[in-house]
Amino acid sequence: MSKRNSYYLLCMLLACVFIFPAAAQQPAVVAIPFGKAGLIRYNLRTGTYNVSQNGREVFLGIYALATVNGDTLSTKKYEIRKHYRVPVTDGFGKGSKHIIVLSAIGKPLMKQVFYTYPGHEYFLTELSFSGDKLSTNHMQPVVGEFKAIARQDVRSLFVPFDNDTFISYDARPFAQGFKGMSAEVGAVYANDSRAGIIAGSVEHEVWKTGVETQAGESANQIKVWAGYTSEAVTRDKIAHGAISGNTVRSPKIFVGGFADWRIGMEAYGKANRIAEPPFIFNWTKPTPVGWNSWGVIQEHISFDKTVKVANFFADSIPAFRTGNTAYIDLDSYWDMMVSHSDYSKLKELADYCKSKGLQPGVYWAPFTDWGHGGGPDRIADGGNYKFGDMWTKTGGGYHDIDGARALDPTHPGTKARIAYVIGKLKACGFTMIKIDFLGHGAVESEHFYDPKITTGMQAYKAGMEYLTQQLGGQMLVYAAISPSLATGRYTHMRRIACDAFKSIENTRYTLNSVSYGWWQTYLYNYIDADHVVFNDEKEGANRARLLSALVTGTWISGDDLSTTGQWTARIKKYYQNTDLLQLVRDGKAFRPVEGNTGTGASEVFVKQVGKTFYLAVLNYGKQPKTFALSAERLGLDTKRIASVKEVLQDNVITYDNGISLKLGAEDAALYQFTLK
């Protein structure tokens, strides 16, 4: 050990003595309470801890480790461990910060930190190291066992990193021999009892995090790993970037056991928004409703067609509004209305929408080069920078996905292009923007233009903060393809899945993401089901697709409203239904009733707003289906029911202690119970 390192370690130890309360004659096991009946029992002799909740052990033998400067360092291998407690007040409330300081000759000082709050049934933990010139791209703040969940139909939830390539959530059977990863957060739960455990990162500005779970005969393994990359999940083709400095720190990790895993996931979603508050201004206007051109018109978008859509909104569905307005959003190919950098036609279109009492929206992908096939010497808008210099470098190559090449978010050419295009769109008067393919800005690179940026998530933070600053608070910001959790700081609204259009298969795909990702309704102002398209489908499939949006919490149409078809009358009927408009004003997602559908979707969703209880039921199958539902399972007290109404089609329902109904093939129903 160098003299410099020895001196540094001595200073840190002395700092602990003076900063923290005296820790002389500490017990071998430190009791750290959290929530109403949670307890961490940290063993200072072994560097491990157990967690119990409500008198039941949940986690066993948990420790932490990291690879720092090429050495694997574990809390179990350090010789000296001291515990200190200090009060903390932050966004989570008043609580305690418990610091385990671990020291050993020849090793950097390690700190294992626990944040606990009496008002939260979970704790947060992080790991850090202090020393001279440290570097790491692999930290595991939580490693160890969790107790077997003693019920049938136990599932391990795979949560995707993003919503690209039509990826699905997957509630996989958790049986002996199972081993699987999940991005950012993992959950293991019994679908019948709903009891389960949840662990995941609540910080996403530096690290990508993976959660590995493995099923054993009596106890199961869990590993929460900061530094996770996988081409199939995070899209990275190279290893996670390293962070360096005299102090290196993991993200904060959320850990808890819950009687209902759904409540736990909602707590996790809320914790993310607390840990990383929005960088963008808060949206306080009503739930957005409107239209997007990619549903049907797509590349055939034009000035004249958009004018006809605005006219349809004004003349045929004037009641389809919240806050007296709706959004008319131009998706990709609006640039066909721009000639030689002349945006005047777009401004004319935006002004026309406003003249009809509508708000104009637009689309852009800030971190992609769609024309990369034209070579590296093309000059990007906004400056004299070549696209080839702006491309993100990955392992000697470039990052191509979805037909587009990633741009380095930290490059001055990327920034100049963002400033130029956003400046033009703001000048046109657009009040909404759909931003897409944001995952291109989060990929790992062998190096970024800004040398202080060394990880994909740091680059994403830099790029999204710059984009947000350029937007200047003028627009409602909607994210399409994007990292699921890291995007919460920068947008008001996010599409929950990938592209979805009109079919019952599209509805089921979208509702897979709602079944297992509905909790993101607490991370964003709104989550969205993508453009709802009726087109030439049967009316039952139309009802199902519409309900998939209402269950998500918002309502964006995608039909070609510049012309007429069978969809026209149906849109006039459903889009002005006062019960549906009242429901969407709440803006929050329904909660799934079942969580055992693998890559499929729950058929039943529920939500209560005040004294109104909503029950959404969908039949994805090609045959009629009879549903016999448990009122207790739904969370509905049938003794409180004053009246019931089916909103979409007057479908018959009977109820006593249970709920019985029948749905046609590829159809849906929405029941509205008024409670006493």
Side-chain angles (χ1 to χ4, degrees), residues 34 64 66 88-93 95 97-99 111-117 120 122-129 136-143 159-162 182-187 198-211 222-229 234 240-245 247-256 264-280 409 438-439 441-442 444 452-465 468 482-491 494 519-520 522-524:
F34 67 94
V88 63
T89 301
D90 54 22
F92 291 89
K97 181 178 180 181
H98 295 265
I99 304 139
K111 288 183 182 178
Q112 195 175 11
V113 182
F114 301 90
Y115 298 85
T116 61
Y117 307 87
H120 295 298
Y122 56 82
F123 63 90
L124 305 173
T125 183
E126 67 185 14
L127 182 65
S128 69
F129 294 87
T136 179
N137 74 339
H138 186 110
M139 304 185 84
Q140 297 181 22
V142 176
V143 187
V159 176
F161 174 76
D162 61 20
S182 180
E184 302 300 334
V185 61
I198 296 167
S201 173
V202 296
E203 294 181 328
H204 316 280
E205 297 178 19
V206 176
W207 294 97
K208 291 169 184 157
T209 303
V211 180
I222 187 167
K223 178 195 300 182
V224 183
W225 168 24
Y228 167 64
T229 58
T234 67
H240 198 287
I243 61 169
S244 302
T247 298
V248 291
R249 185 180 71 86
S250 77
K252 287 181 180 176
I253 305 301
F254 171 111
V255 182
M265 292 304 300
E266 290 169 5
Y268 171 73
K270 294 172 184 177
N272 275 267
R273 196 168 178 87
I274 296 171
E276 292 184 341
F279 185 80
I280 197 168
L438 299 181
E444 303 299 325
K452 298 188 297 294
I453 303 296
T454 57
T455 76
M457 298 317 296
Q458 288 175 328
Y460 189 67
K461 175 180 184 288
M464 291 301 291
E465 288 188 354
T468 304
S482 54
S484 300
L485 293 166
T487 308
R489 296 185 69 227
Y490 313 110
T491 67
R494 179 179 178 272
W519 44 270
Q520 292 169 49
Y522 299 104
L523 175 58
Y524 297 86

**OP:** Just do the side-chain contact (heavy atoms from CB on, under 4.5 Å) check on Val255 and Phe34 with the steps written out, would you?
**Re:** CA-CA 11 Å; Val255 182; Phe34 67 94; over 6 Å; no

Could you report the tightest heavy-atom contact between [X] and [Y], atom names first, then the distance?
| X | Y | value |
| --- | --- | --- |
| Ile253 | Ser201 | CD1-CA, 3.8 Å |
| Val248 | Gly245 | CG1-N, 4.1 Å |
| Ala271 | Tyr122 | CB-OH, 3.9 Å |
| Ala442 | Lys208 | O-NZ, 2.7 Å |
| Ala226 | Pro251 | CB-CD, 3.5 Å |

Hey, could you give me the [atom1]/[atom2] distance between [X] and [Y], rounded to the nearest 0.5 Å?
| X | Y | atom1 | atom2 | result |
| --- | --- | --- | --- | --- |
| Lys252 | Thr209 | NZ | OG1 | 14.0 Å |
| Trp519 | Asn272 | CH2 | CG | 7.0 Å |
| Phe123 | Tyr117 | CZ | OH | 12.5 Å |
| Glu184 | Leu485 | CD | CG | 5.5 Å |
| Arg494 | Ser484 | CZ | OG | 4.0 Å |
| Leu438 | Tyr490 | CG | OH | 11.0 Å |

Original post:
Residues two or more places apart in sequence or in another chain: which of them pass side chain to side chain donor-acceptor pair (under 3.5 Å) with Thr491?
Top reply: none

Original post:
Considering residues at least two apart in sequence or located in another chain, which fulfil the side chain to side chain donor-acceptor pair (under 3.5 Å) criterion with Ser182?
Top reply: none

Would you say [X] and [Y] make side-chain contact, with heavy atoms under 4.5 Å?
| X | Y | value |
| --- | --- | --- |
| His204 | Tyr460 | no |
| His138 | Trp225 | yes |
| Thr136 | Phe129 | no |
| Lys461 | Ile453 | no |
| Thr487 | Tyr524 | yes |
| Leu124 | Phe92 | yes |
| Arg489 | Met464 | no |
| Trp207 | Ile243 | yes |

Original post:
Stepwise, does the side-chain contact (heavy atoms from CB on, under 4.5 Å) test hold for Gln458 with Lys452?
Top reply: CA-CA 9 Å; Gln458 288 175 328; Lys452 298 188 297 294; over 6 Å; no

Original post:
Are any of the side-chain nitrogens in Glu126 or Lys111 under 4.0 Å away from the carboxylate oxygens of its partner?
Top reply: no

Subject >> Carboxylate-amine/guanidinium contact Arg249 Glu203, below 4.0 Å >> reply: yes

Subject >> Glu205/Glu276 under side-chain contact (heavy atoms from CB on, under 4.5 Å): CA gap, chis, key distance, verdict >> reply: CA-CA 9 Å; Glu205 297 178 19; Glu276 292 184 341; 3.3 Å; yes

Any side-chain to backbone donor/acceptor pair from [X] onto [Y]? Under 3.5 Å, distance only.
| X | Y | result |
| --- | --- | --- |
| Thr454 | Gly241 | no |
| Glu444 | Gly456 | yes |
| Ser482 | Gly439 | no |

**OP:** Go through the steps for Tyr228 and Val211 under the test side-chain contact (heavy atoms from CB on, under 4.5 Å), then give the verdict.
**Re:** CA-CA 9 Å; Tyr228 167 64; Val211 180; over 6 Å; no

